[in-house]
Amino acid sequence: MPRIERRWLAGADHVILNTRSALEAYRARFPELATKSSFVRNHFDLALYAPAPAPEPPRSFVILHLGTLREETSADAIGAALRRLIDRERLAPGDLVLRQIGRTSAYDRDRFERLGLTPYIEMLPPIPQRDVMAELRRAHVLLTVVAPRVVLRIAAKTYDYAASGMPIVSAAASPEVDELLAHRDDSARVSPADVEGLAAALARHLARFRETGALPVPAPPPRELSSEVAAARIAAILDSVIAASTDAARRASRSPSDR
């Protein structure tokens, strides 16, 4: 695989990565990419979401996790933080709901049960992309958790979360995630290994719910993370690559006397 990857990279006119950290890692490993690589973030496309009606404020404090629970996004950190929050705040079932939308492994179901969290968990099957916005807008805080070893990628759901304009708590090792949370000052990133920090971040949103009884007001979606901006950046890269290829072909086609 490394040989195949190196051959593909060597033959490419330009290489696009989707995080800055991945770009830096690839340039460090393949120095020849320094002059022919860039990064363009993943993004949200507002046209993919159905219009979200104004939701009724839920009676419970709702934490939403969108997507599959699996090895690198497991119930371990989520469960430990929820258990700590529930015990500290003396929350009964019905006071707090973790709404999990997506596939959930048998391991994660068992983990929630062993922690006594099953009465607090609402597990729903995957939903179409067009219905995502309505679900995001009816939660008090949006949660994403990624294993500490994941540092070159950003969870794709984070872009959907940003599009919704709702508060985000992200347990992620990559400081690059901070850029995706900057449009709201009540969003936060914590270390995936920091159970106390994750519980504290969720507790701040619980406190606001207790004070207001309302859902947060969505912030405007950050244009920097939109499909329009990403498309413009890729178009500029394509223009540059095509222009360079055209110039190279023109030079190669000249006769010796022209040269």
Side-chain angles (χ1 to χ4, degrees), residues 18-19 41-50 52-53 55 58 60-83 85-86 93 96-150 153-174 177 180-181 187-190 192 195 198-199 201-202 205 215-216 218 221 225 227:
N18 62 18
T19 65
R41 291 206 185 283
N42 288 336
H43 48 273
F44 60 77
D45 185 345
L46 293 178
L48 296 180
Y49 309 109
S60 304
F61 174 63
V62 178
I63 304 166
L64 175 67
H65 181 270
L66 180 68
T68 302
L69 287 179
R70 57 186 186 276
E71 183 183 358
E72 66 181 34
T73 308
S74 76
D76 291 321
I78 297 174
L82 281 184
R83 186 72 265 171
L85 177 64
I86 289 166
L96 175 150
V97 173
L98 170 65
R99 183 171 296 135
Q100 159 60 24
I101 300 179
R103 290 181 293 277
T104 307
S105 71
Y107 171 88
D108 293 299
R109 291 175 183 269
D110 180 69
R111 182 61 173 159
F112 285 140
E113 185 173 352
R114 287 174 178 271
L115 289 169
L117 295 173
T118 302
Y120 298 88
I121 311 294
E122 180 181 333
M123 296 186 185
L124 301 175
I127 60 174
Q129 180 69 21
R130 64 178 282 104
D131 297 333
V132 163
M133 186 63 71
E135 290 295 337
L136 299 179
R137 289 275 177 86
R138 68 188 191 101
H140 295 95
V141 62
L142 310 176
L143 176 64
T144 176
V145 177
V146 183
R149 69 177 183 277
V150 179
R153 293 184 285 115
I154 293 175
K157 66 176 66 68
T158 314
Y159 297 91
D160 291 313
Y161 289 3
S164 76
M166 300 297 277
I168 303 167
V169 170
S170 178
S174 172
V177 172
L180 279 66
L181 309 183
S187 290
R189 180 182 64 88
V190 300
V195 172
L198 181 54
L202 295 173
H205 294 280
L215 288 165
L225 303 180
S227 58

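Heavy atoms only: backbone and side chains are in, while hydrogens, waters and symmetry mates are out.
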Name every donor-acceptor pair, under 3.5 Å, that has one atom in a side chain of residues 158-165 and the other anywhere in the protein, sequence neighbours excluded.
unit_1: Thr158; atom_1: OG1; unit_2: Ala155; atom_2: O; d: 2.8
unit_1: Asp160; atom_1: OD1; unit_2: Tyr49; atom_2: OH; d: 2.4
unit_1: Asp160; atom_1: OD1; unit_2: Gln129; atom_2: NE2; d: 3.0
unit_1: Tyr161; atom_1: OH; unit_2: Leu66; atom_2: N; d: 3.0
unit_1: Tyr161; atom_1: OH; unit_2: Leu143; atom_2: O; d: 2.7
unit_1: Ser164; atom_1: OG; unit_2: Tyr161; atom_2: O; d: 2.6
unit_1: Ser164; atom_1: OG; unit_2: Met166; atom_2: N; d: 3.2

Which heavy atom in Pro125 sits nearest to a heavy atom in Ile101, and how many Å separate them?
-> O-CG2, 3.5 Å
Do Ile121 and Leu82 have side-chain heavy atoms sitting under 4.5 Å apart?
-> yes
Working for side chain to side chain contact (heavy atoms under 4.5 Å, CB included), residues Leu215 and Arg137 = CA-CA 8 Å; Leu215 288 165; Arg137 289 275 177 86; over 6 Å; no
Please report, to 0.1 Å, the donor-acceptor pairs under 3.5 Å made by any side chain of residues 111-118, with sequence neighbours excluded.
unit_1: Arg111; atom_1: NE; unit_2: Asp76; atom_2: OD1; d: 3.1
unit_1: Arg114; atom_1: NE; unit_2: Asp110; atom_2: OD2; d: 2.7

ring-ring contact (aromatic ring centres under 6.0 Å, His included) partners for His140, two or more places apart | Phe61, Phe209
Results of side-chain hydrogen bond (donor to acceptor under 3.5 Å, both in side chains) for His65 - residues two or more places apart only | Gln100
Could you tell me which non-hydrogen atom of Ile168 sits nearest to which non-hydrogen atom of Ser187, and how far apart they are?
-> N-OG, 2.9 Å
Look up atom NZ in Lys157 and atom CG in Leu136, then write down how far apart they are to the nearest 0.5 Å.
-> 11.0 Å
Around Arg153, counting heavy atoms of other residues, nucleotides and ligands shown, do more than 12 lie under 6.0 Å from its CZ?
-> no
Does the side chain of Thr68 reach to within under 4.5 Å of the side chain of Pro126, using non-hydrogen atoms?
-> no
Side chain proximity check, Val177 to Val146, heavy atoms < 4.5 angstrom | no
What is the distance from atom CG of Leu48 to atom CG of Asp131, rounded to the nearest 0.5 Å?
-> 12.0 Å
Contact check, side chains of Arg138 and Val62, non-hydrogen atoms, under 4.5 Å = no
With sequence neighbours excluded, residues passing side chain to side chain contact (heavy atoms under 4.5 Å, CB included) with Ala50 = Arg130
What residues, two or more places apart in sequence or in another chain, satisfy side-chain hydrogen bond (donor to acceptor under 3.5 Å, both in side chains) together with Thr19?
-> Ser21
For the residue pair Ala199 and Ala81, what are the closest heavy atoms and their distance?
-> CB-O, 3.7 Å
When Ile63 is tested against each of Val97, Leu96, Ile78 for side-chain contact (heavy atoms from CB on, under 4.5 Å), which residue passes?
-> Leu96
Nearest non-hydrogen partners of Ala75 and Asp108, listed with the distance | N-OD1, 2.6 Å
Is there a side-chain contact between Ile154 and Asn42, using heavy atoms and a 4.5 Å cut-off?
-> no
Is there side-chain contact between Leu225 and Arg41, with at least one heavy-atom pair below 4.5 Å?
-> yes
Shortest non-hydrogen contact from Pro216 to Ala139?
-> CD-O, 4.2 Å
If every non-hydrogen atom of Arg189 is compared with every non-hydrogen atom of Ser174, which pair is closest and at what distance?
-> CD-O, 3.4 Å
